[in-house]
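Every value quoted in this text rests on a predicted model; they were computed, and no experiment measured them.
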2 protein chains.
Amino acid sequence: MARTTGSDGEKTEAAVREAAVSLIARLGYEAMSMRQLAAEVGVQAAALYRYFPTKQDLLFTLMREHMEGLLKAWDAARPASADPVTQLAAYVENHIAFHIERRHATHVSNMELRSLSHERLTRILKMRTAYEKELRTILRDGVEAGAFEIDDTGLTAMALIQMMTGVIVWFRPGERLSIAEVTASYLSMTMRLVGATISHGTARPSRRAGNAAAL
Amino acid sequence: MARTTGSDGEKTEAAVREAAVSLIARLGYEAMSMRQLAAEVGVQAAALYRYFPTKQDLLFTLMREHMEGLLKAWDAARPASADPVTQLAAYVENHIAFHIERRHATHVSNMELRSLSHERLTRILKMRTAYEKELRTILRDGVEAGAFEIDDTGLTAMALIQMMTGVIVWFRPGERLSIAEVTASYLSMTMRLVGATISHGTARPSRRAGNAAAL
DNA sequence: GTAATAATAAAACGAACGTTCAATTAATTC
DNA sequence: GAATTAATTGAACGTTCGTTTTATTATTAC
């Protein structure tokens with residue numbers, strides 16, 4: 001046999017991406033075989049090579065598109081207001097929403113970096129650094145404006161990102177907590193962590209209390 | 001050739017463990033071959049099987065001992081005082097010190113869980129859960145004592161652990177920050193995050209300010 | 001309807017994998 | 001110093017891996 005009835009390149013490629021994200025997240029990139037992936041898609045292994053020249057090309061494509069999506073999502077979510085608290089809240093909300101929606105892809109992007117060639121690793125890390133820099137800028141602006149109280153903005157940015165991204169490790173939709181509840185909790189923890197003055201949402205704008213309470 | 005002069009089982013086994021932690025952390029468990037590991041130790045692949053019956057046995061041993069070490073370290077570091085702030089501070093300090101000292105082993109224990117058999121995965125997760133439960137207990141006690149202000153102790157415990165463990169991702173000894181500086185920063189962030197009242201170290205015991213400041 | 005093109009199957013490639021086995025030499029025991 | 005035990009080598013096993021090649025069928029364009 002050869003070409004099968006109803007076969008369609010676009011659909012097959014989409015199915016390959018989807019299955020690859022899920023399989024790599026579950027088994028790991030090295031542990032997933034091309035034959036396994038092909039079986040998941042319902043196709044022979046050789047057919048995969050029509051869409052991705054090598055296994056590593058497939059991995060890189062998934063990662064690159066994940067990172068591009070993250071940067072684009074933040075670009076769309078970035079608020080017009082220059083208020084650091086508003087900006088930080090938007091960053092946290094966007095980060096958590098994006099990562100919870102893409103748990104598998106996030107796992108792949110975070111865990112399989114070592115399987116990339118040096119050049120491709122650099123490209124992915126560049127995108128990641130750009131994304132993290134956005135948070136550092138918000139924190140630094142907040143400190144300058146007197147809205148945050150932070151020892152070290154670089155360290156704090158890393159700590160916050162690790163904390164937020166970690167949500168995908170334990171969070172399971174449909175269990176005890178809803179996405180909205182989780183997001184609210186992380187927002188509250190973030191604001192406390194950076195020593196934000198109470199200003200976001202509530203009245204009492206610049207009275208320099210200990211830190212933000214409920215939100 | 002066969003047995004080499006100066007060969008010693010104990011030394012070889014220790015060298016295998018050390019090389020395995022380093023190689024698995026760098027390449028991943030699936031990507032590391034037994035031949036590669038043997039070469040790193042300066043031995044033939046077959047010699048490894050005198051110490052570990054299978055590749056997975058080797059991985060499991062490394063993970064189990066890492067987790068046992070973590071539990072043991074906390075047991076030794078746990079303060080006599082029942083004060084929640086003191087307890088939390090000790091937990092954070094122990095966690096960061098332990099993980100910074102064992103960056104590679106931590107990477108292995110966190111990233112290679114999926115390569116364990118179901119039964120062994122369960123055993124490792126049981127230890128991990130026991131360790132996390134210690135933190136949840138501290139947080140809950142602190143809330144009951146009025147020392148902490150926390151939405152959800154379970155969620156907060158996970159967030160804190162992700163934040164603290166994340167230090168191994170970006171921290172490099174000898175760079176900008178010392179271990180002591182990093183630990184102090186994480187301690188400060190933790191205390192703010194849980195809304196700790198100012199009590200640890202400083203005077204002014206129970207005046208319920210916004211949260212702990214410098215420490 | 002015929003020609004061109006897109007999508008796949010089937011089989012095969014050499015290389016590398018985890019692991020086993022028999023042989024061999026070093027160290028230890030008596 | 002002979003016998004025993006410990007530590008390792010070197011070669012081989014069957015399997016699986018990523019990938020390539022060739023043939024074959026479905027779809028599309030004219």
Participant: Just so I know, are the side chains of A:Tyr29 and A:Arg114 near enough to count as touching, which here means a heavy-atom distance under 4.5 Å?
Facilitator: no

Participant: Side-chain contact test, heavy atoms from C-beta onward, threshold under 4.5 Å: evaluate it for A:Arg192 versus B:Val194 and give yes or no.
Facilitator: no

Participant: Quick one: B:Lys11 NZ to D:dA6 C1', roughly how many Å, whole number?
Facilitator: 15 Å

Participant: With a 4.0 Å cut-off on N to O distance, would you call A:Glu13 and A:Arg17 a salt bridge?
Facilitator: yes

Participant: Between D:dT9, D:dG18, C:dG18, which nucleotide gets closest to the side-chain atoms of A:Met34?
Facilitator: D:dG18

Participant: Let me know the distance between CD of B:Gln56 and P of C:dC17, rounded to the nearest Å.
Facilitator: 18 Å

Participant: Could you state the atom-to-atom distance from CD of A:Gln36 to P of D:dC17 in whole Å?
Facilitator: 7 Å

Participant: Write down the distance between CG (B:Leu58) and C1' (C:dG18), rounded to a whole number of angstrom.
Facilitator: 13 Å

Participant: Between B:Leu48 and A:Pro53, which has a closest nucleotide on DNA chain D that is more 5'?
Facilitator: B:Leu48

Participant: From C-beta outward on B:Arg50, which listed nucleotide comes closest to its side chain: D:dA7, C:dG18, D:dT9?
Facilitator: D:dA7

Participant: Please state whether the phosphate of D:dC17, meaning OP1 or OP2, lies under 4.0 angstrom from any side-chain nitrogen or oxygen of A:Ser33.
Facilitator: yes

Participant: Which nucleotide sits closest to the side chain of A:Val43: D:dG18, D:dG10, C:dA9?
Facilitator: C:dA9

Participant: Between A:Asp57 (CG) and D:dG18 (P), how many Å, whole number?
Facilitator: 14 Å

Participant: Between D:dT9, D:dT20, C:dG18, which nucleotide gets closest to the side-chain atoms of B:Arg35?
Facilitator: C:dG18

Participant: To the nearest angstrom, how far is A:Glu30 atom CD from D:dT16 atom C1'?
Facilitator: 14 Å

Participant: When you get a sec, tell me which of C:dT19, C:dT8, D:dA6 is the closest nucleotide to the side chain of A:Tyr51?
Facilitator: C:dT8

Participant: Provide, to the nearest angstrom, the distance between the CD atom belonging to A:Gln44 and the P atom belonging to D:dT22.
Facilitator: 19 Å

Participant: Among D:dT19, D:dG10, C:dA10, which nucleotide has an atom closest to any side-chain atom of B:Ala46?
Facilitator: D:dG10

Participant: Hey, is the side chain of A:Thr12 poking within less than 4.0 Å of OP1 or OP2 on C:dT8, counting only N and O atoms?
Facilitator: yes

Participant: Can you tell me how far C1' of C:dC13 sits from OH of A:Tyr49, to the nearest Å?
Facilitator: 13 Å

Participant: Any heavy-atom pair between the side chains of B:Pro173 and B:Arg103 that's under 4.5 Å?
Facilitator: yes

Participant: Has B:Thr54 got a side-chain N or O lying under 4.0 Å from the OP1 or OP2 atom of C:dG18?
Facilitator: no

Participant: Do A:Glu68 and A:Lys72 sit within salt-bridge range, that is, some charged N less than 4.0 Å from a carboxylate O?
Facilitator: no

